Amino acid sequence: MSDNYLLELNEVQKEAVINTDGPQLIIAGAGSGKTRVLTYKIVHLLNSGIKPSNILALTFTNKAAREMKERMATLTEKKLVNQIWMGTFHSIFSKILRIDGDFIGYPSNYTIYDAEDTKKQIREIIKYLKLDPEQYPVNEIYSRISKAKNNLVLPSAYQANIEIQKQDINLKRPETSKIYALYQQRCKKASAMDFDDLLLNTNILIRDFPEILEKYQNIFKYILVDEYQDTNYSQYLIIKKLSGLLQNICVVGDDSQSIYAFRGAKIENILNFRNDFPELKVYKLEKNYRSTKNIVYAANSLIEKNKNRIPKTIFTDNKIGEKVKVVEQLTDRAEAYYVAKKIIKIKKENNFTFYDFAILYRTNAQSRAFEDALRRFSIPYKIFGSISFYQRAEIKNIVAYLRLVINKNDDQALQRIINFPKRSIGGTTVDKLVALASSNNITTWDVILQTHKLGAVFNSRTIGLLNKFKNLIISLTEKAKELNAKEFVDFVLEKTGIKRSMAEDRSPEGISKFENIQEFTNAVQEYVDKKETEEQEKVSLENFLEEIALATDQDSDNADTEKVSMMTIHASKGLEFKAVFIGGVEEGLFPSFRSITDPKEIEEERRLFYVAITRSEAELFVTHTKQRMKWGRFQDANPSRFIFELDENYVDFEYINDDTSQDFENFSNNSTFAKINFIENESKQPKIDIHAPKKLKKIKSNPVLDTSESREKDDKTGIAVGMTVVHAKFGKGKVLKIEGVFPQTKATVDFGDAGQKNLLLKFAQLKIIES
DNA sequence: TTGTGCTGCTTTTTT
DNA sequence: AGCAGCACAA
């Protein structure tokens with residue numbers, strides 16, 4: 001076999017590729033050819049006679065796994081590549097749990113709960129324990145439980161840990177451990193695992209069953225881990241144990257690009273890797289092949305401000321290139337227009353395609369202004385991330401049928417579809433079912449199986465409805481045995497009447513939902529076709545569910561189309577573009593106001609900015625505004641501290657008085673675009689006075705104009721304080737107060753028994769019966 | 001049981 | 001501003 005591929009590597013890269021045995025750490029700076037090293041290394045392993053089924057390669061996204069497979073397929077036989085254990089942590093270990101999960105009490109058909117299922121389950125438990133939902137916000141509890149799991153703290157340990165208990169008491173949430181315990185119990189009962197459980201249960205499996213650990217230690221003779229800086233403790237421990245015997249472990253990562261600490265990733269895993277493997281060989285890939293000198297050096301000057309890092313200096317042989325542009329704009333809208341204009345200009349000057357551009361931002365909410373602007377200029381764009389296709393309610397409802405057919409204990413799936421489409425089984429009935437299940441320690445489906453015993457709880461009509469539902473699910477289960485995944489989905493859509501009822505809904509949302517369903521059936525078809533040609537057998541529902549449970553929107557890439565990419569910086573990791581715009585680089589937004597008090601979190605934000613900068617090959621714009629619309633209000637904004645941390649030698653600053661902002665003013669007054677409500681907004685906001693929002697507020701609360709002045713009479717209707725009026729619904733009442741200006745005139749009316757009501761006179765057709 | 005309006009929340013999110 | 005969960009009315 002040819003070793004030609006080694007010629008395409010620099011010295012360090014080559015060393016990192018050919019040294020395959022023993023523990024290795026590859027520190028791969030941004031743009032240093034990390035993917036190339038990783039793929040060549042695996043190919044090198046195959047070429048030296050290692051069986052593909054003895055290689056475990058873990059990535060963070062399905063997309064990364066797929067891309068690496070594709071690249072390897074160009075270097076070696078595709079058949080070999082397909083036999084490698086390659087995928088995300090979650091997908092690989094979910095497979096292992098389907099094989100060996102019965103050792104820890106899980107059937108192979110267990111369900112994977114996504115974040116939504118998890119939150120719903122937690123919400124139910126909070127309700128069940130009669131806790132105040134205000135005191136126990138679902139998101140907080142979820143992240144607390146998730147954190148515990150990722151640190152391998154089980155409910156019993158959580159309960160027993162004094163430090164944790166103290167924290168919960170300080171947070172005024174002393175019952176958190178009870179919620180956690182019940183949550184685990186219910187998931188187990190439902191034969192369900194959430195994302196964190198996939199890792200946690202793998203840990204439990206290999207901790208409690210040494211023979212299983214040994215089995216996989218011998219299967220995974222070579223282990224490679226990508227994006228190691230973003231692993232959490234749970235993942236770390238799995239890797240450490242699996243590689244414990246042969247120690248052929250290679251981790252690749254860049255501490256400077258660790259940006260998921262907020263989800264439990266531990267940057268220490270990479271910083272302290274040597275402690276676990278003293279024999280460690282370290283390779284530092286410090287040569288950047290991606291970006292111009294100005295970008296590389298500007299990025300270096302930023303990241304040097306972080307204390308917690310592995311020392312390294314990224315350099316490049318690339319040309320000097322353009323300086324980084326830091327641009328000030330008045331508002332987020334002006335910022336978006338500036339970016340849109342620049343895209344057109346740069347595209348023309350450099351002969352780029354739209355595909356070469358990316359707009360990056362800290363929060364998804366920022367995308368809207370950019371979308372508007374790009375549409376005005378007819379610039380095609382694609383937003384990455386946001387809501388996953390499989391997370392849409394209409395898709396999840398269909399999937400829930402599949403889930404329930406596979407696993408009758410899947411309570412969350414059952415609750416989704418028991419009244420979808422509408423079968424008159426409402427909240428009251430479902431609550432009772434769930435309570436019955438809970439108090440008898442069985443699943444909701446078990447309760448439904450015993451409707452004949454429930455005469456005391458439900459009336460005969462409800463029992464009939466439940467029986468009908470039961471029979472439907474049973475008949476679907478029978479069908480699932482004969483049909484492949486696609487045929488079954490079609491059958492469900494027909495049999496349940498979902499297809500018919502959705503086709504009838506001609507509202508825009510309804511049409512879009514129907515299209516999504518069609519897209520879903522297409523996706524199933526595609527999957528079935530692909531698998532059946534590869535494996536020559538019927539594609540079961542189980543296969544398909546496994547595929548989509550861990551699929552995300554990031555996976556579908558229409559990247560080949562001629563479009564500007566828009567995404568959060570988190571979503572941009574690993575990508576590169578010729579021109580990059582980073583928007584909203586302002587204090588409180590980037591760095592986020594939540595991280596401003598904690599130096600560690602500021603370091604993470606700085607790494608995030610580092611990631612953003614290093615996405616760019618040649619053109620880089622960093623924009624910030626003086627005012628930003630936030631939660632429906634204009635708020636003053638200041639440039640981010642990170643802007644001042646960039647070495648000025650590599651940066652050009654552009655202020656609002658420059659020509660470009662002038663261009664923007666002209667543009668916004670251009671009659672072609674007069675319709676855009678930008679102008680409307682601007683008229684509310686004096687253009688130069690950045691304190692306008694405060695002024696506005698003052699006017700609003702000004703007693704002369706506003707509500708505190710009780711007016712006597714509404715001029716439009718003649719209704720006045722003291723009159724007796726009649727309301728169609730509430731009957732006779734006495735007018736107590738008139739306030740506001742037409743058309744917002746409101747009256748407070750006392751309807752006696754019906755109580756006091758505030759009515760908008762515009763809508764409430766009050767009749768005067770007595771002045 | 002189903003439909004509708006109100007209230008409260010809102011960083012990032014590979015799985 | 002926009003959404004989702006929830007309480008209340010029809």
Side-chain angles (χ1 to χ4, degrees), chain A residues 58-66 87-94 112-116 118-120 123 126-127 133-134 137-140 142-143 146 149-150 193-199 226-227 229-232 234-235 257 259-265 332 360-366 368-369 384-388 390-391 393 419 422-431 461-462 465 548-555 567-575 584 588-596 601 604-605 607-609 611-612 629-634 681 729-730 754 758:
Chain A
L58 296 166
T59 60
F60 251 60
T61 63
N62 296 308
K63 191 179 164 194
R66 199 183 50 230
T88 62
F89 277 87
H90 292 82
S91 72
I92 296 288
F93 295 120
S94 81
I112 298 174
Y113 274 178
D114 69 8
E116 195 188 344
T118 300
K119 284 186 200 175
K120 277 200 172 144
R123 202 169 282 128
I126 291 170
K127 205 167 161 188
E134 307 243 310
V138 177
N139 282 324
E140 299 289 321
Y142 180 26
S143 85
S146 173
K149 287 186 182 179
N150 287 328
M193 297 193 205
D194 65 23
F195 292 138
D196 302 320
D197 285 334
L198 295 173
L199 307 172
D226 192 14
E227 306 283 13
Q229 75 282 357
D230 286 326
T231 51
N232 60 35
S234 188
Q235 293 165 320
Q257 295 184 63
I259 55 175
Y260 283 103
F262 73 94
R263 286 167 45 133
D332 45 344
L360 308 181
Y361 33 78
R362 180 67 179 81
T363 67
N364 276 312
Q366 288 168 255
R368 175 164 237 104
F384 289 77
S386 62
I387 325 154
S388 155
Y390 291 107
Q391 279 173 317
N419 201 28
K422 294 261 180 323
R423 347 185 132 79
S424 298
I425 302 176
T428 325
T429 307
V430 174
D431 283 351
R461 176 177 168 267
T462 307
L465 293 167
I548 62 169
L550 299 170
T552 63
D553 211 34
Q554 309 286 325
D555 304 335
M567 65 192 89
T568 63
I569 298 162
H570 283 89
S572 78
K573 198 164 78 168
L575 305 177
L589 185 59
F590 194 7
S592 157
F593 67 96
R594 300 205 184 219
S595 50
I596 267 171
E601 290 186 40
E604 172 143 324
E605 295 278 317
R607 291 192 293 268
L608 190 58
F609 192 42
V611 168
M629 187 71 103
K630 208 176 179 187
W631 298 332
R633 295 204 163 280
F634 269 109
N681 269 338
K729 209 163 60 190
F730 302 115
N758 277 308

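Excluded from the calculations below are hydrogen atoms, water molecules and symmetry mates; all remaining heavy atoms, backbone and side chain alike, are included. All chains are named by letter (A, B, ...) in the order of the sequence lines, taking the proteins before the strands, and each is independently numbered beginning at 1. Owing to the predicted nature of the structure, the values given are computational and were not obtained by experimental measurement.
When the P atom of B:dT13 is taken as reference, atom CZ of A:Arg607 falls 17 Å away, rounded to whole Å. Atom CG of A:Asn150 and atom C1' of B:dT13 are 13 Å apart (whole Å). Between the CZ atom of A:Phe593 and the P atom of B:dT12 there is a distance of 10 Å, rounded to whole Å. B:dT1 atom C1' lies 10 Å from atom NZ of A:Lys422, rounded to whole Å. One atom, CE of A:Met567, and another, P of B:dT11, lie 21 Å apart when rounded to the nearest Å. For A:Leu608 and B:dT13, the CG to C1' distance is 12 Å, given to the nearest whole Å. In this structure, the NZ atom of A:Lys630 is 14 Å from the C1' atom of C:dA1, given to the nearest Å. We find that CG of A:Asn139 is positioned 10 Å from C1' of B:dT10, with the value rounded to whole Å.
Looking at heavy-atom distances under 4.0 Å, A:Tyr260 makes contact with a base. Using a 4.0 Å heavy-atom criterion, one finds that A:Asn419 contacts the sugar-phosphate atoms exclusively.
For B:dT10, the OP1/OP2 oxygens have no side-chain nitrogen or oxygen of A:Asn364 closer than 4.0 Å. Taking 4.0 angstrom as the limit, A:Ser424 places a side-chain polar atom (N or O) nearer than this to OP1 or OP2 of B:dT2. Contact annotation: A:Thr363 does not reach the phosphate of B:dT10 (side-chain N/O to OP1 or OP2, under 4.0 Å). Between A:Arg461 and B:dT1, a side-chain N or O to OP1/OP2 separation shorter than 4.0 Å is absent. In terms of phosphate contacts, A:Thr568 brings no side-chain nitrogen or oxygen within less than 4.0 Å of OP1 or OP2 of B:dT11.
Nearest nucleotide to the A:Thr429 side chain, out of B:dT13, B:dT1, B:dT11: B:dT1. For A:Arg362, the side-chain atoms get nearest to B:dT12 when compared with the rest of B:dT13, B:dT12, B:dT2. Taking the side chain of A:Asp230 as heavy atoms from C-beta on, and the options B:dT14, B:dT11, C:dG5, the nearest nucleotide is B:dT14.
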Any chance you could lay out the side chain to side chain contact (heavy atoms under 4.5 Å, CB included) test for A:Arg263 and A:Asn232, step after step, and finish with the verdict? CA-CA 8 Å; A:Arg263 286 167 45 133; A:Asn232 60 35; over 6 Å; no
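Scored by the side chain to side chain contact (heavy atoms under 4.5 Å, CB included) test, A:Ile126 finds A:Ile122, A:Leu131, A:Tyr136, A:Val138, A:Ile141, A:Ile179 as partners (sequence neighbours excluded).
Comparing A:Arg594 and A:Leu198 by the nucleotide of DNA chain B whose heavy atom lies nearest to each, the residue mapping closer to the 5' end is A:Arg594. Between A:Glu134 and A:Phe262, the residue anchored closer to the 5' end of DNA chain B is A:Glu134, taking for each the nucleotide with the nearest heavy atom.
A:Phe590 has its side chain within reach of A:Leu608: a pair of non-hydrogen atoms, C-beta onward, lies under 4.5 Å apart.
In terms of heavy atoms, A:Arg362 sits closest to A:Ser592 at NH2-CB, 4.0 Å.
Between A:Lys119 and A:Glu116, none of the side-chain N atoms (NZ, or NE/NH1/NH2) sits under 4.0 Å from a carboxylate O, so this pair counts as no salt bridge.
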